[in-house]
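When a residue number appears, it is its place in the shown sequence, counting from 1.
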Amino acid sequence: MKKMRLHIYVAMAVFVVMIIVGSFLDLQINKAIFSANNGFGITVAALSMMVGYGILSAMGGMFLYHGLKITKVTWQKILFILVSVVILVLTVVLCARKEFFGINGWNIRSLVWLGYLLSTPIMGACMFGGYLIAKKVNNPRLWILVAIGAAFVALALLLGTTAVKSIFNRPRYRLVVNEHPNLFYNWWERCTNSKDLISQYGYGAEEFKSFPSGHVSVSTLTIFGAILIPFVYGKEIKHQVLYFYIGLAYALFVAFTRMWVGAHFLSDVGMGGLITTLCAYACYEVVIHNPKLYENPSLEEVKETQE
C-alpha cells in the first residue's frame with residue numbers, strides 16, 4: 001500500500017504539466033482540435049462522470065452494510081442508512097439532471113425523466129457492489145475509512161465542480177470561438193463581468209464555468225478508487241498500479257474529449273485532475289499513517305488466538 005506514493009506524484013506531475021502548457025497554448029490547442037457538436041464527444045460528456053459517481057455510490061453501499069448488519073444501536077443504524085440513501089439520491093440526481101440529458105451531456109431537457117430511469121439502476125448497482133464488498137471484508141472499522149475517503153471525495157467535488165468555478169467564471173472555448181474572441185481569459189484571470197454578460201446577451205451561467213473541468217475532476221476519482229481499494233480489503237492487491245494508470249488514462253481521455261467539444265481548455269482539465277489527485281494524496285497520507293483505520297480487529301483476534 002505504501003508503494004502508491006510515487007505513482008500519485010506521477011499523476012500530479014502530468015496534470016501540472018498540462019496546466020503549464022495550457023498557460024501558454026490554451027487557445028492554440030483548442031483551435032487545432034475543436035469540433036463543434038461532436039456526437040462522440042457529447043456522448044462521452046453525458047456518460048463519463050458515471051464512473052466517479054459510481055465510486056461515491058459504492059461508498060454509500062458500504063455505509064448501508066454497517067447500518068443493516070454491524071451496527072447494533074438503533075440511532076446509529078438509522079444514521080448509516082440515511083447517509084447511504086442521501087448518497088444514492090445525490091448521485092442519481094447529478095447523473096440524470098446534469099449529465100445524461102442535462103446541459104453537460106446530450107442537452108435534451110425533455111428527456112431528463114429518462115435520465116432518472118437510466119441512472120437509478122446504475123447507481124443502485126454500484127451501491128449494491130459496495131454493500132457486497134463490505135460484506136466480504138466484514139470489518140467493523142471500515143465505515144471510518146469510508147467516511148474519511150468520502151470526506152476527501154466531497155472536498156474534491158466541491159472544489160472541482162463548484163467552488164473554484166464560481167471564483168474564476170472563465171468563459172468556455174465554445175463561447176469564445178462562436179461569439180466573442182475577446183472573451184478569452186487565461187486561467188489565472190477572473191472574468192469579473194460574467195453576470196453582466198449573462199444578462200446582456202442571454203448566455204447561460206454554465207458558459208462561464210470553464211475553469212476547472214468538473215468532468216475531469218469527477219473522472220479522476222478512478223485514481224481515488226485505485227488508491228483506496230487495498231485499504232478497504234486491508235491487504236495488498238494484485239495489479240493495483242495497473243488499475244491506477246487505467247484510471248489516469250481514463251481521466252486523460254475524458255480531458256481530451258472535453259477540449260474537443262470546446263467545453264474546456266487544457267489548463268482547465270489539468271486543474272480539474274490536479275484538484276482530485278491532491279485530495280486523493282491527502283487522503284492517502286492520512287490513512288497510511290493510521291493502520292487502525294483499515295486493519296480488521298476480528299482478524300487480529302484470530303491471529304492472537306492462533307498464537
Validation row: Y233, K136 side chains within 4.5 angstrom (heavy atoms): yes
Heavy-atom side-chain proximity of V93 to S119 below 4.5 angstrom: no
is_close_aromatic(Y173, H264), centroid dist under 6.0 Å: no
Intermediate values then yes/no, side-chain contact (heavy atoms from CB on, under 4.5 Å), F208 and F168: CA-CA 8 Å; F208 292 86; F168 287 90; over 6 Å; no
Reported CG-to-OG1 distance for the pair L274 and T220, which is rounded to 0.5 angstrom: 9.5 Å
4.5 Å side-chain heavy-atom contact, F265 and R170: yes
For F15, ring-ring contact (aromatic ring centres under 6.0 Å, His included) partners two or more places apart: none
Check: G41 main-chain N/O paired with N38 side-chain donor or acceptor under 3.5 Å: yes
Counterpart residues, ring-ring contact (aromatic ring centres under 6.0 Å, His included), relative to F253 (two or more places apart): none
Minimum-distance pair of heavy atoms, taken over all atoms of G54 and C126: O-CB, 3.5 Å
Atom CZ of F128: over 12 foreign heavy atoms under 6.0 Å: no
side-chain contact (heavy atoms from CB on, under 4.5 Å) assessment of V218 paired with V51: CA-CA 8 Å; V218 175; V51 177; over 6 Å; no
Plane angle bin for F100 and W106 - parallel if under 30°, tilted between 30 and 60°, otherwise perpendicular: tilted
T71 side chain vs H66 backbone, donor-acceptor pair below 3.5 Å: yes
Partner residues of E207 under the side chain to side chain contact (heavy atoms under 4.5 Å, CB included) criterion, sequence neighbours left out: R172, R174, L175
Short side-chain to backbone donor-acceptor contact, D26 and S267, under 3.5 Å: yes
Donor-acceptor contact present, side-chain N290 to main-chain K292, <3.5 Å: no
Any donor-acceptor N or O pair under 3.5 Å, side chains T276, S217: yes
Minimum side-chain heavy-atom gap R141-P297 below 4.5 Å: yes
Under 3.5 Å donor-acceptor, S84 side chain and I81 backbone: yes
Donor-acceptor contact below 3.5 Å, side chain S213 vs main chain V269: no
Verify same cluster id: L158, I275 (apolar side-chain graph, 4.5 Å): no
side-chain contact (heavy atoms from CB on, under 4.5 Å) evaluation trace for M49 with V216: CA-CA 8 Å; M49 295 178 81; V216 177; over 6 Å; no
Side chain K209, main chain K165, donor-acceptor under 3.5 Å: no
Over 12 non-hydrogen atoms of neighbours within 6.0 angstrom of NE2 in H239: no
Minimum heavy-atom distance between P212 and G160, given as atom pair plus value: CG-O, 3.6 Å
Criterion ring-ring contact (aromatic ring centres under 6.0 Å, His included) against W143, the qualifying member of Y65, Y294, F63, F80: F80
Contact check, side chains of Y245 and V10, non-hydrogen atoms, under 4.5 Å: yes
Hydrophobic cluster identity match, I246 and I227, side-chain contacts under 4.5 Å: no
E99 side chain to M50 backbone, donor-acceptor under 3.5 Å: no
Any donor-acceptor pair under 3.5 Å from S57 side chain to Y53 backbone: no
Aromatic centroids of Y281 and Y9 separated by under 6.0 Å: yes
Euclidean distance, T161 OG1 relative to K98 NZ, rounded to 0.5 Å: 6.0 Å
Test item: H215 side-chain N/O and S48 main-chain N/O as donor-acceptor pair under 3.5 Å: no
